[in-house]
Amino acid sequence: MGALLGGVSDDGAEVELRGCFPLAITENDEEVSVDSEHLAQMLHLHLQANSKDTLVGWYSTGDKVDANSALIHEYFASEFPIVPLHLLVDAELKEGRLGIKAFVTSEAGVPSSEFAGTMFLPVTCSLKLNDAEKSGLDLIAQARPVSELDNFVGGEGNSSVTGVLSDMDSLERSVLAIQSMVESLQEWVAGVKSGDIPADTGIGRYLLDTVSSVPLIDSGDFEKMFNNHLQDLLMVLYLSNLTRTQLAIAQRLQNLV
């Protein structure tokens, strides 16, 4: 369990989550409590580095809310001037992916009576990544079991490792990925035209908008721009290898002296 930090839109209809930190929770059969001092200290440290963030709710792992969820949610609603958001993360990857659900609460039953309660209402949530985060996740997804690298590093193991791609390797991977997507798109269009695949107007409009957004560039000009960029990458690669070689030679000369 932990606290969620981020921002709320001016109309309060949208919440953006930008950070989090774990909470110190004491839980037993009768009650659950949050270490308020630990929460205050962690929140103070986070806001020192991210002054635009605010506390917007809390998160927990699992696949459903329970009675303790209502108690913790009530704590955040009473201790902070916010309408807390509860983010439920299914970390067991039951469906082959990280399940994420968001909830807000509403009063249920008879208010101010023993029959009063709290009802969790699901709200729409989506995962958005900036370029740096997407690159990092793509790099993690490329990790391979160590057993596949035994011929290079020796040893055995079940962990996964990966290395940072060079500019040339990254460019090659991007071109191959685009080529694969274009080929899949061509197969889908051919299937729609032949009647083997039912047409989808939503996908058609999306493709039309995508194609319309691409600037019209002469093939010769595009090839020239691409080759110029490729030459720049080759030059950077050459200079980096030359620098690495010079440093290695200098290190060996220093060891000889």
Side-chain angles (χ1 to χ4, degrees), residues 6-7 9 14 16-19 49-50 52 96-98 100 125-153 159-254:
S9 60
E14 183 176 347
E16 180 183 1
L17 304 179
R18 296 189 290 263
N50 306 272
K52 295 182 179 180
R97 56 176 298 180
L98 187 67
I100 300 177
C125 64
S126 60
L127 183 63
K128 298 181 179 180
L129 305 174
N130 58 37
D131 293 339
E133 292 170 337
K134 188 176 185 304
S135 299
L137 290 176
D138 289 342
L139 182 63
I140 294 174
Q142 296 165 12
R144 297 176 295 175
V146 170
S147 57
E148 297 183 13
L149 305 178
D150 286 343
N151 294 334
F152 301 95
V153 298
S159 60
S160 297
V161 297
T162 187
V164 179
L165 298 178
S166 65
D167 290 339
M168 288 296 298
D169 292 336
S170 179
L171 177 61
E172 179 184 5
R173 188 179 295 273
S174 298
V175 172
L176 292 176
I178 294 175
Q179 182 180 359
S180 176
M181 289 186 287
V182 171
E183 291 175 351
S184 300
L185 179 59
Q186 289 176 332
E187 293 177 359
W188 182 84
V189 172
V192 172
K193 292 178 64 177
S194 63
D196 297 334
I197 301 176
D200 189 317
T201 56
I203 297 178
R205 294 192 185 96
Y206 181 78
L207 291 177
L208 178 61
D209 294 340
T210 302
V211 173
S212 300
S213 64
V214 176
L216 296 177
I217 302 177
D218 182 74
S219 58
D221 294 338
F222 177 78
E223 183 177 359
K224 182 178 179 181
M225 292 171 53
F226 182 83
N227 289 332
N228 289 338
H229 181 63
L230 183 61
Q231 292 297 326
D232 292 340
L233 290 178
L234 291 174
M235 178 59 70
V236 172
L237 183 62
Y238 169 75
L239 293 176
S240 62
N241 290 334
L242 182 61
T243 303
R244 188 181 300 110
T245 303
Q246 289 179 337
L247 291 175
I249 294 175
Q251 181 66 33
R252 292 196 175 190
L253 291 175
Q254 184 177 3

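Here, residue 1 is the first one in the sequence, and each next residue gets the next number.
- Annotation: side chain to side chain contact (heavy atoms under 4.5 Å, CB included) contacts of L176 (sequence neighbours excluded): E172, Q179.
- Smallest separation of non-hydrogen atoms from K52 and R18: O-NH2, 3.6 Å.
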Please tabulate, for side-chain N and O atoms in residues 221-235, each donor-acceptor pair with protein atoms closer than 3.5 Å (sequence neighbours left out).
from	atom 1	to	atom 2	distance (Å)
N227	ND2	E223	O	3.1
N228	ND2	K224	O	3.2

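- The backbone N or O of G220 sits less than 3.5 Å from a side-chain atom of D218, completing a donor-acceptor pair.
- Closest approach of G191 to S194, counting heavy atoms only: O-OG, 3.1 Å.
- Pairing each heavy atom of V192 with each of P198, the nearest pair is CG2-O, 4.3 Å.
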Take T243 and Y238 through the side chain to side chain contact (heavy atoms under 4.5 Å, CB included) test and state the conclusion after the steps. CA-CA 9 Å; T243 303; Y238 169 75; over 6 Å; no
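- Considering only heavy atoms from C-beta on, S126 comes within 4.5 Å of K128 through its side chain.
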Checking R244 against N241 for the side chain to side chain contact (heavy atoms under 4.5 Å, CB included) test, could you report, in this order, the C-alpha distance in whole Å, the side-chain angles of both residues, the deciding distance, and whether it holds? CA-CA 5 Å; R244 188 181 300 110; N241 290 334; 2.7 Å; yes
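- Taking CZ of R205 as the start and CG of D200 as the end, the distance is 9.0 Å to the nearest 0.5 Å.
- Interatomic distance, I100 CD1 to L17 CG, rounded to the nearest 0.5 Å: 9.5 Å.
- Atom OG1 of T210 and atom CD1 of I203 lie 11.5 Å apart (nearest 0.5 Å).
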